[in-house]
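As C-alpha cells, the structure follows; a few thoughts come after it.
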Amino acid sequence: MGRPQDPVNTPMKIPFVDLQGQYRAIADEVRAAIEPVMANTRFILGEEVRLFEQEFAAFCGARHCVGVASGTDALHLALRALDIGPGDEVITQTNSYIATALAISYAGATPVFVDCDPKTCQIDVKQAEAVVTPRTKALLPVHLYGQPADMDAVQAIAKRHGLRVIEDACQAHGATYRGRPVGTFGDAAAFSFYPGKNLGAYGDGGAITTNDPALDTRLRAYRDYGQREKYFHDFKGFNSRLDTIQAAILRVKLKRLAAWNQSRQRAAATYSKVLSRIGIEPPRQVSHGTHIWHLYVIQVANRAVVQKRLGDAGVSTGIHYPVPIHLQKAYADLGRLRGSFPIAEAAADRILSLPMFPEITDEQVNHVASELAKAL
C-alpha cells in the first residue's frame with residue numbers, strides 16, 4: 001500500500017452574498033406561497049401584489065406603496081408622475097449606480113451631478129444647493145449602501161427653492177433617519193427588490209412609496225399603460241407591474257427583514273471591531289440614522305492587488321462602484337471630465353465591498369479580516 005496522502009488545505013470559501021443559504025432556510029414557505037398563485041393563475045396584479053403593497057407601506061411607515069417591475073422603473077415613474085421631464089434638471093450624486101441617472105434621462109430630464117461627502121459617501125448637500133438653477137425641479141438623494149442621506153438638509157434645500165424630493169432608497173429597506181424609516185421624507189421614494197438587496201425577489205422588482213393619495217393614483221395608472229379602467233387610457237403609460245409570484249415571495253421575506261437587518265448590523269459591528277485592530281478604518285456611520293448595511297464598504301490602496309489576493313484566498317468581494325456616473329461613456333455628452341468631482345473619483349479607485357449577508361457568521365467575518373490583513 002502506498003503512504004496516505006496529506007490532506008489538501010483548501011481555503012474557506014466565503015461568497016459575497018449567500019442567496020442559496022437564505023433560500024434553503026425559507027424554501028418550504030416560499031413554495032407554499034407560490035402554489036396558490038400558480039393555482040389561481042392571477043400572475044399580473046393578483047391579490048398578493050395588493051397585500052404586499054399594504055405590508056411594505058406599513059413597514060416603511062408610508063400611506064401608499066405601488067409595486068413596479070424594478071427599482072429603475074420606480075425612480076422613472078416617480079419622476080414622470082411628478083411631471084418632471086424635458087427641460088428640467090434633477091440634482092443627484094455621481095457616486096451611485098447608473099440607474100439613478102438613467103431614470104432621470106428616461107423621464108427626459110437632465111441629471112445634474114454633485115460630489116459626495118468624504119466621510120460618509122452620501123450626497124454633498126452644500127454642493128447640491130450650489131447647483132440649483134431655475135430649471136431645477138427635484139433633488140434625488142441616494143441612501144447609499146443602506147445608510148440614510150441627511151434628509152433634514154435635503155428637505156430644507158427643497159423648501160427654499162420649491163423643489164420636489166425623490167428618495168433613492170433602493171439599497172435602504174428598513175434604514176431610518178432620526179428614528180423614522182426612509183421612504184417617507186420625499187414626495188416619493190423608490191425601492192429595488194433585485195435579488196441581492198436586503199429585501200430581494202427571485203427576479204427583478206421594485207416599489208414606490210408615497211404619502212400623497214393623488215400621486216398614488218397617478219402611479220398606479222403609469223405602471224399599467226396609463227389606464228385607471230381597463231382599455232381606457234388617460235395618458236401614455238408603461239408596462240411596469242410587479243409580478244404576483246414575486247410579490248408572494250417578497251411577503252415571505254418581508255416578515256424576516258427586520259431580523260435580517262439586525263443580523264447585518266451585528267456582522268458590521270464585528271467587521272468594524274476586527275478591522276480597526278488591523279489598521280483599516282471602518283465605514284463612517286452617521287449619528288442621525290441607522291445603517292442597515294446593504295453593503296459593507298471599506299477603502300484600500302492597491303485595490304486590484306488586494307481584491308485578487310482575497311479572491312485567491314476564497315473571499316469574494318465587489319466594487320460599488322468603480323466608475324462615477326459622470327465618467328461613464330453613457331454620460332459623456334454632459335461634458336464632465338475627470339477632476340469634476342474629486343472626492344467621488346478618489347473613492348471609486350479605493351472602495352472595496354466585503355462579504356455581507358444576514359447569515360454571515362463571526363467566524364467568517366474574522367476569516368475575511370484575517371485574509372484582508374494578509375492581502376494588504
Side-chain angles (χ1 to χ4, degrees), residues 30 33-60 62-85 97 99-100 102-108 166-171 173 183 187-254 257:
V30 167
I34 291 174
E35 180 57 34
V37 180
M38 303 301 290
N40 65 38
T41 68
R42 287 291 308 277
F43 301 122
I44 304 296
L45 296 182
E47 179 68 2
E48 294 291 333
V49 175
R50 185 186 67 82
L51 292 172
F52 172 72
E53 289 173 340
Q54 289 181 349
E55 291 160 3
F56 192 67
F59 178 85
C60 295
R63 293 179 183 173
H64 307 283
C65 170
V66 181
V68 295
S70 69
T72 308
D73 278 3
L75 289 165
H76 172 213
L77 297 188
L79 290 160
R80 289 265 185 175
L82 289 167
D83 293 320
I84 294 168
Y97 185 52
T100 305
L102 288 175
I104 299 169
S105 299
Y106 293 161
I166 300 100
E167 299 172 70
D168 184 338
C170 289
Q171 300 182 1
H173 318 66
D187 296 275
F191 290 86
S192 166
F193 304 130
Y194 182 78
K197 296 297 171 68
N198 291 37
L199 180 62
Y202 291 164
D204 269 321
I208 307 157
T209 55
T210 182
N211 288 327
D212 183 342
L215 186 59
D216 171 67
T217 299
R218 190 165 169 80
L219 285 165
R220 292 182 187 282
Y222 254 117
R223 74 171 177 189
D224 195 21
Y225 298 103
Q227 63 185 356
R228 292 189 179 93
E229 181 183 351
K230 194 169 185 178
Y231 302 134
F232 293 85
H233 305 269
D234 297 334
F235 49 82
K236 299 179 181 70
F238 300 86
N239 175 14
S240 179
R241 302 168 297 201
L242 179 65
D243 289 338
T244 307
I245 286 177
Q246 299 298 348
I249 294 165
L250 290 167
R251 291 188 69 209
V252 172
K253 288 187 156 194
L254 182 57
L257 181 55

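Just so it is clear, the model here is predicted, and its values are computed rather than measured. Quick note: numbers below take in every heavy atom, side chains included, and nothing from hydrogens, waters or symmetry partners.
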State, with a plain yes or no, whether a side-chain heavy atom of Ile245 is found less than 4.5 Å away from one of Met38. yes
Drop me the distance from Asp212's CG to His64's NE2, to the nearest 0.5 angstrom. 7.0 Å
Can you check side-chain contact (heavy atoms from CB on, under 4.5 Å) on Tyr106 and Thr72, steps first, answer last? CA-CA 10 Å; Tyr106 293 161; Thr72 308; 3.8 Å; yes
Show the nearest heavy-atom pair for residues Ala107 and Leu79, with the distance to one decimal. CB-CB, 4.1 Å
Answer yes if the ring centres of Phe52 and Phe193 are under 6.0 angstrom apart, and no otherwise. yes
Gap separating the NE2 atom of His233 from the CG atom of Asp224, nearest 0.5 angstrom: 8.5 Å
Phe43 and Val37: which non-hydrogen atoms are nearest, and at how many Å? CE2-O, 3.6 Å
Nearest-0.5 Å distance that lies between atom CG in Leu254 and atom CG in Leu51: 11.5 Å
Between the CD1 atom in Ile34 and the CD1 atom in Ile249, the distance rounded to the nearest 0.5 Å is 4.0 Å
Is it true that atom OH of Tyr194 has more than 12 heavy atoms of other residues, nucleotides or ligands lying nearer than 6.0 Å? no
If you compare all heavy atoms of Glu48 against all heavy atoms of Ala247, which two are closest, and at what distance to 0.1 Å? O-CB, 3.6 Å
When you look at Arg218 and Asp83, which way does the side-chain contact (heavy atoms from CB on, under 4.5 Å) test go after all the steps? CA-CA 11 Å; Arg218 190 165 169 80; Asp83 293 320; 3.0 Å; yes
Passes side-chain contact (heavy atoms from CB on, under 4.5 Å), Phe56 versus Thr209? Steps please. CA-CA 9 Å; Phe56 192 67; Thr209 55; 4.3 Å; yes
For Ala74 and Ala190 the tightest heavy-atom approach is CB-CB, 3.6 Å
Could you label the plane-to-plane angle of the Phe191 and His173 rings as parallel, tilted or perpendicular, counting under 30° as parallel and over 60° as perpendicular? tilted
Are the side chain of Lys253 and the backbone N or O of Ala201 linked by a donor-acceptor pair below 3.5 Å? no
Ignoring hydrogens and angles, tell me if any N or O in the side chain of Thr210 forms a donor-acceptor pair with the backbone of Asp216 under 3.5 Å. no
Measure the CD-CG distance between Glu167 and Asp187 for me, rounded to the nearest 0.5 Å. 9.5 Å
Check whether any side-chain N or O of Asp204 sits under 3.5 Å from a backbone N or O of Ala69 as a donor-acceptor pair, and report yes or no. no
In Å, rounded to the nearest 0.5 Å, how long is the span from SG of Cys170 to OH of Tyr97? 11.0 Å
Do Leu250 and Leu242 make a side-chain contact, defined as non-hydrogen atoms from C-beta onward lying under 4.5 Å apart? yes
Determine whether a donor-acceptor pair (N or O, by modelled atom type, separation under 3.5 Å) exists between the side chain of Gln171 and the backbone of Lys197. no
Looking only at atom types and distance, does a side-chain atom of Arg223 sit under 3.5 Å from a main-chain N or O of Gly67, one as donor and one as acceptor? yes
If you look at every heavy atom in Ala103 and Leu75, which pair is closest and at what distance? CB-CB, 3.4 Å
Quick check: does any side chain N or O of Asn40 sit under 3.5 Å from a backbone N or O of Arg42, one acting as donor and the other as acceptor? yes
Residues Val252 and Val30: closest non-hydrogen pair is CG1-CG2, 4.2 Å
Hey, what's the ring geometry for Phe238 with Tyr222, parallel, tilted or perpendicular (30° and 60° as the breaks)? parallel
Derivation of the side-chain contact (heavy atoms from CB on, under 4.5 Å) call for Thr244 and Leu45: CA-CA 6 Å; Thr244 307; Leu45 296 182; 5.6 Å; no
Give me the one residue out of Glu53, Glu47, Glu55 that meets salt bridge (Lys or Arg N to Asp or Glu O under 4.0 Å) with Arg251. Glu55
